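See structure below.
All values reported here derive from a predicted model rather than from experimental measurement. Order of the sequence lines fixes the chain letters, A, B, ..., with proteins taken first and strands second; residue numbering starts at 1 for each chain.
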Number of protein chains: 2
Amino acid sequence: MEIKFDLNESLFLKDPQDTALGRKIVENGIILIDSIGFEGFTFKKLAKEIGSTEKSIYRYFENKHYFLLFLTSWYWEWVRFLIEINIKNVDSPQKQLRIAIKYLVLATAENPMNKYINENLLHKLVIKEGGKAYHIYEVDDENKAGMFLSYKFLVQLVSNIINAINPKFPYSASLASNLFEMANNQIYFAEHIPKLTSLKPGKNMDEDLIAMLIYFAEGILIKKG
Amino acid sequence: MEIKFDLNESLFLKDPQDTALGRKIVENGIILIDSIGFEGFTFKKLAKEIGSTEKSIYRYFENKHYFLLFLTSWYWEWVRFLIEINIKNVDSPQKQLRIAIKYLVLATAENPMNKYINENLLHKLVIKEGGKAYHIYEVDDENKAGMFLSYKFLVQLVSNIINAINPKFPYSASLASNLFEMANNQIYFAEHIPKLTSLKPGKNMDEDLIAMLIYFAEGILIKKG
DNA sequence: TAGATGTGACAGTAATACTATCGGAAACAC
DNA sequence: GTGTTTCCGATAGTATTACTGTCACATCTA
């Protein structure tokens with residue numbers, strides 16, 4: 001099974017989801033960035049990996065920054081897809097928020113779909129390198145061109161759930177974006193700079209993180225007493 | 001007046017705080033990164049700017065990544081310094097946390113100190129580029145070498161205040177690191193991708209952000225009812 | 001079957017990210 | 001006050017990066 005997302009056309013010169021070579025670039029690009037890091041990653045190395053040429057990859061993406069943006073956008077669309085199908089028949093917005101938090105941490109479907117994109121690896125990649133997609137000099141131009149729409153839609157979705165729980169809460173967008181940023185950050189810290197987090201790497205870390213995010217969100221949103 | 005911080009020696013080959021050239025590198029490096037972005041920044045361009053040579057800068061820093069690490073570490077030390085002197089004679093940990101939040105957002109002293117480092121510009125730089133200091137392939141080695149100690153100390157300081165407010169709270173380190181990450185992120189979003197935040201750019205944004213962070217932290221820490 | 005499109009092969013360029021060597025000035029040692 | 005480090009600037013050089021351009025061939029499309 002394959003999923004195709006309609007991503008903003010500014011992200012690519014030619015949609016890699018449409019061709020065999022394009023999918024090969026994406027599939028192996030994720031693997032390569034994961035193994036050598038985004039700074040060390042070049043189109044030349046990726047071309048060698050897939051038995052193609054630098055030039056052929058440049059026909060899909062203007063440069064490696066756009067490639068990263070494509071990958072992160074695909075990822076945000078994927079998380080949004082997971083959340084949307086899983087809250088569909090749930091009425092309580094409080095339950096919806098718990099489901100959203102679960103999927104933004106796990107970013108995986110129960111029945112893993114057999115696609116060219118390895119979502120677990122892509123999640124790892126977004127945790128490590130995702131921030132670089134928008135911490136760039138050209139951020140304002142790229143924002144105008146709609147390059148961050150996938151992230152915005154996702155934040156909007158969670159923001160709406162938050163508003164449904166507590167319509168008077170004045171910081172729904174900030175809480176929503178912070179849940180995503182915090183989830184990825186805390187996982188990164190747990191794995192690399194453990195002094196900066198209360199999480200402990202291990203089997204139950206994902207569950208602990210989900211519990212922590214729910215504790216935070218509900219502590220802020222729901223009045224006790 | 002000049003402040004010198006004792007930063008981890010792995011951060012530089014020769015402490016730039018000790019020489020006129022070193023201070024010139026730091027002072028103008030901040031200005032140059034702010035104006036062209038970290039990706040576009042090179043030692044060659046900086047050398048031209050200060051009338052020196054590439055090689056002379058390489059005598060202080062192994063590469064531009066270490067230079068960024070030095071700047072962010074200096075910044076974290078500076079914020080810690082501000083928080084420490086301002087909570088000194090405050091007994092209530094709840095008031096201490098409010099003061100800490102204030103200074104991590106403003107990152108400035110009432111009487112600006114006349115130094116070669118422009119703290120406001122440095123703060124802008126950390127908001128934009130700070131994450132790149134530790135989102136790197138070599139993060140584990142650098143963590144072992146103590147390159148992130150300044151950030152850890154700062155998180156520890158705030159984490160201790162949180163523990164004093166609510167000793168049973170199980171996520172003090174995560175809340176502390178999230179306050180820093182969230183503060184910088186929300187400012188960045190407000191300025192560049194406003195759909196991702198509830199803040200509105202303008203005169204009162206800093207005050208609004210301080211209010212929001214206090215709302216979040218106290219909502220989580222302090223039981224109502 | 002003619003034409004458009006996609007890919008690989010190859011060449012080439014400016015900039016980047018360094019490393020090496022040398023010589024002069026200043027600071028410091030005795 | 002002479003010798004010796006230390007520091008800095010000047011110049012040169014290299015491998016890699018981040019592209020751009022051209023051409024030939026295969027394939028798919030009308």
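A close approach under 4.0 Å does occur between a side-chain nitrogen or oxygen of A/Tyr60 and OP1 or OP2 of C/dT7. Put simply, B/Ser56 has a side-chain N or O that comes within less than 4.0 Å of OP1 or OP2 on D/dG9. Contact annotation: B/Ser52 side-chain N/O to D/dG9 OP1/OP2 distance is under 4.0 Å. The side chain of A/Lys44 places no N or O atom within less than 4.0 Å of a non-bridging phosphate oxygen (OP1 or OP2) of D/dT17.
No contact: B/Phe61 has no heavy atom under 4.0 Å from any strand. Note on B/Tyr58: a base of the nucleic acid sits closer than 4.0 angstrom, heavy atoms only. When heavy atoms are screened at a 4.0 angstrom cut-off, A/Thr42 is found touching the sugar-phosphate backbone but no base atom.
Rounded to an integer number of Å, the gap from CD of B/Glu62 to C1' of C/dT19 is 13 Å. Rounded to whole Å, atom P of C/dA17 lies 16 Å from atom NZ of B/Lys48. Atom pair B/Ile57:CD1 and C/dT16:C1' shows a separation of 14 Å (rounding to whole Å applied). If you take CZ of A/Phe43 and P of C/dA9, they are 18 Å apart, rounded to a whole angstrom. Here C/dT5 presents its C1' atom at 8 Å from NZ of A/Lys14, a figure rounded to the nearest Å. Per the geometry, CD belonging to B/Glu39 stands 19 Å off P belonging to C/dA15, to the nearest Å. Distance CD (A/Glu54) to C1' (C/dA11): 12 Å, rounded to an integer number of Å. Atom CD1 of B/Ile36 and atom P of C/dA15 are 14 Å apart (whole Å).
Between A/His123 and A/Tyr75, the ring center distance clears the sub-6.0 Å criterion.
Looking at B/Asp18 and B/Lys4, a side-chain N of the basic residue comes within less than 4.0 Å of a carboxylate O on the acidic one, giving a salt bridge. For the pair B/Glu84 and B/Arg80, the salt-bridge criterion is met [side-chain N within less than 4.0 Å of a carboxylate O].
With D/dG9, C/dC18, C/dT16 as the choices, the nucleotide that has an atom nearest any side-chain atom of B/Lys45 turns out to be C/dT16. Between D/dA10, D/dC8, C/dG6, one nucleotide has an atom nearer to the side chain of B/Leu21 than all others, and that is D/dC8.
Counting atom types as modelled, A/Lys55 pairs no side-chain N or O with a base atom of C/dG8 as donor and acceptor under 3.5 Å.
Geometrically, B/Lys64 does not engage B/Phe41 in a cation-pi contact defined by less than 6.0 Å to the ring centre and at most 45° from the axis.
A pairwise comparison of heavy atoms in A/Asp206 and A/Val105 identifies O-CG1, 3.9 Å as the closest pair.
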